[in-house]
Amino acid sequence: MSQNILNILHSPWAILPESLSQIQEIYHSHLIGEKPDFSKIEAQIGHPLDNPKQGYEVHNGIAIIPIMGVMAKRMNLFSRISGGMSTEIVGRDLKAALEDPEVDSILFDIDSPGGAVDGSFELAELIYSSRGKKPLNAFTDGNIFSAAYLVASAADRIIISNPAAQLGSIGVIMSVRDTSVAEEKRGIQTHYIHAGKYKAVGLPGTKITTEDKEHMQEGIDYFYSLFVDNVAKHRGVSVETVLADMADARIFIGQQAIDAGLADGIQTLDELLMSLEAADGAGFINLHKQEEEVMGADEKPAVDMAALTMESLSEARPDLVNAIKTASFEKGKVEGKAEGKTEGIKEGTEAERSRIEGVYKHSMPGREELIKGMMFDGETTVEGAAVKILAADDAKRAAVLKDIKDHSGEAVDAAEPGYEGYGKTGSDAEGSEGDSTQPLEERAKATWDKDSKLRAEFMNNFDSYKSFLAAKESGS
């Protein structure tokens with residue numbers, strides 16, 4: 001193994017620690033002559049150790065650029081181990097997609113444990129500096145960790161496919177093996193002739209001192225500060241927010257990642273592609289395409305683009321300004337505010353459920369259609385339902401009274417014995433509502449408990465009967 005590979009292995013990485021350990025274990029085994037058992041490694045990690053061809057595919061104007069596996073600047077060094085990808089090739093594909101007239105927006109499809117620091121910052125900066133040229137979306141249906149998150153955060157937004165997707169592990173790590181004791185026992189002494197105090201730190205056979213570790217920690221801290229600063233810039237938050245909520249190497253799952261500010265929403269890949277297609281690239285307007293459609297491909301623009309202002313564009317091309325406003329509105333509908341949308345739906349659902357249940361509690365025989373209409377009209381309050389029911393009862397009693405008056409000469413059957421009077425008051429209500437000096441709750445309960453027909457009349461809903469009694473006594 002060349003010293004160059006060793007230097008890379010023991011340089012700073014922004015990656016899951018277990019992934020780095022796995023890579024280093026394989027290479028160190030190879031260094032002492034052991035052949036890696038790739039089938040065993042594949043069984044451990046659950047996927048083949050391959051190196052899929054990089055490039056992008058265009059799906060209805062959306063360029064999909066894969067970022068899969070361990071990231072490194074030149075991945076040919078590690079491709080057999082991790083099935084990883086080259087940050088240089090991803091950068092090449094991004095530049096090509098930005099220049100491709102068939103591409104309206106770009107989607108980074110990511111599933112990566114992170115990778116080497118070298119190359120990751122360059123790719124992240126390239127993505128961030130490309131904002132505004134075409135919509136840039138990062139998506140995962142698996143994991144986005146460490147250096148992969150640095151790259152994803154540089155896009156316009158990050159979408160996860162399901163509540164089990166994992167993001168984070170923001171941090172930097174490196175390892176150095178002190179083999180000096182082992183070599184001494186084998187009778188080996190290694191000497192490095194060098195200039196510069198720290199030139200030989202970490203090389204095989206050298207002893208790692210406390211001062212050496214402090215020196216290496218300073219380098220790790222510097223890369224970590226760069227990592228935090230870039231995530232803060234990309235996500236539009238303060239460094240303090242990143243340090244407090246995101247950057248302690250924690251792994252966030254699903255909604256946790258959204259709540260912490262690491263992601264912007266949950267959509268499946270198909271849903272995300274459909275929304276991007278519907279919004280013509282998440283709301284971005286292709287000015288050249290608009291001009292060709294409105295003016296014709298052979299005509300020249302009526303506006304000097306170099307001196308373009310909102311006023312001049314509005315005056316010369318009001319149709320285009322309206323198209324931009326419409327597209328921006330559609331983008332807002334597609335993206336939304338994930339937190340506000342979720343909370344709004346939750347609060348609205350709970351409020352409507354409570355309203356429907358409250359209206360339903362006023363149910364009684366003969367009022368089924370009225371209750372049903374109020375339950376699902378989306379506006380009748382619980383109090384309003386009681387008023388409407390009482391009004392309906394008043395109208396019914398008035399109609400019955402009128403009918404009695406109109407037929408006062410006709411014989412009327414005696415009231416059925418045993419029923420103590422749905423509408424009696426005063427002395428007629430003896431044994432019904434009881435002593436009017438007693439609290440309403442007690443009088444209503446006493447009547448309710450001993451009158452089965454009354455309970456049937458109110459469908460065993462004591463609250464409805466109590467509301468009726470209170471309304472009757474108040475003269476409503």
Side-chain angles (χ1 to χ4, degrees), residues 59-68 94 103-112 124 127-128 130-146 148-170 230-238 241-242 244-247 250-285 326-350:
H59 178 87
N60 292 336
I62 304 166
I64 302 177
I65 301 178
I67 301 179
M68 302 290 175
L94 171 59
V103 173
D104 296 321
S105 64
I106 297 169
L107 176 66
F108 298 100
D109 186 8
I110 307 174
D111 189 358
S112 170
I127 294 173
Y128 184 74
S130 300
R131 285 187 179 183
K133 298 177 182 178
K134 290 182 180 180
L136 305 170
N137 292 275
F139 169 84
T140 186
D141 61 1
N143 307 312
I144 304 180
F145 292 136
S146 214
Y149 185 77
L150 171 66
V151 169
S153 70
D156 293 314
R157 60 177 185 162
I158 302 173
I159 301 298
I160 60 178
S161 67
N162 57 71
Q166 300 181 66
L167 292 83
S169 189
I170 296 176
N230 276 270
V231 170
K233 178 179 72 171
H234 298 165
R235 298 297 291 171
V237 297
S238 67
T241 297
V242 176
D245 301 336
M246 306 178 187
R250 277 181 296 168
I251 292 175
F252 299 82
I253 304 173
Q255 188 63 43
Q256 294 176 344
I258 296 174
D259 294 340
L262 278 82
D264 301 296
I266 299 179
Q267 282 183 304
T268 66
L269 180 58
D270 288 341
E271 290 171 341
L272 177 57
L273 291 174
M274 289 177 61
S275 67
L276 293 178
E277 294 166 17
D280 188 23
F284 283 72
I285 292 294
T326 300
S328 298
F329 175 72
E330 290 299 323
K331 178 184 179 182
K333 290 200 300 183
V334 171
E335 295 182 355
K337 295 277 187 183
E339 295 179 8
K341 181 178 179 181
T342 301
E343 283 301 312
I345 291 174
K346 181 178 178 181
E347 292 179 8
T349 300
E350 290 299 325

Close side-chain approach of [X] and [Y], heavy atoms under 4.5 Å:
{"X": "Q166", "Y": "T140", "value": "no"}
{"X": "L136", "Y": "S130", "value": "yes"}
{"X": "K134", "Y": "V103", "value": "yes"}
{"X": "I127", "Y": "V151", "value": "yes"}
{"X": "V237", "Y": "M246", "value": "yes"}
{"X": "I64", "Y": "L273", "value": "yes"}
{"X": "L94", "Y": "F108", "value": "yes"}
{"X": "L269", "Y": "D141", "value": "no"}

If every non-hydrogen atom of [X] is compared with every non-hydrogen atom of [Y], which pair is closest and at what distance?
{"X": "S146", "Y": "S169", "value": "OG-O, 3.2 Å"}
{"X": "T268", "Y": "F139", "value": "C-CE1, 4.0 Å"}
{"X": "A124", "Y": "A154", "value": "O-CB, 3.2 Å"}
{"X": "A257", "Y": "L167", "value": "CB-CD1, 4.0 Å"}
{"X": "G168", "Y": "F252", "value": "CA-CD1, 4.5 Å"}
{"X": "I160", "Y": "A263", "value": "CG2-CB, 4.2 Å"}

In Å, rounded to the nearest 0.5 Å, how long is the span from [atom1] of [X] to [atom2] of [Y]?
{"X": "S105", "Y": "D156", "atom1": "OG", "atom2": "CG", "answer": "10.0 Å"}
{"X": "D104", "Y": "E277", "atom1": "CG", "atom2": "CD", "answer": "10.0 Å"}
{"X": "I65", "Y": "I110", "atom1": "CD1", "atom2": "CD1", "answer": "10.0 Å"}
{"X": "M68", "Y": "N143", "atom1": "CE", "atom2": "CG", "answer": "11.0 Å"}
{"X": "T241", "Y": "R235", "atom1": "OG1", "atom2": "CZ", "answer": "12.0 Å"}
{"X": "L272", "Y": "I159", "atom1": "CG", "atom2": "CD1", "answer": "6.0 Å"}

Please evaluate residues I158 and L262 with respect to the criterion side-chain contact (heavy atoms from CB on, under 4.5 Å), reporting the C-alpha separation (whole Å), side-chain torsions for both, the decisive distance (0.1 Å), and the verdict.
CA-CA 8 Å; I158 302 173; L262 278 82; over 6 Å; no

Looking at R131 and H234, would you say the former's side chain and the latter's main chain have a donor-acceptor pair under 3.5 Å?
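Yes, because the side chain of R131 sits within donor-acceptor range (under 3.5 Å) of the backbone of H234.
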
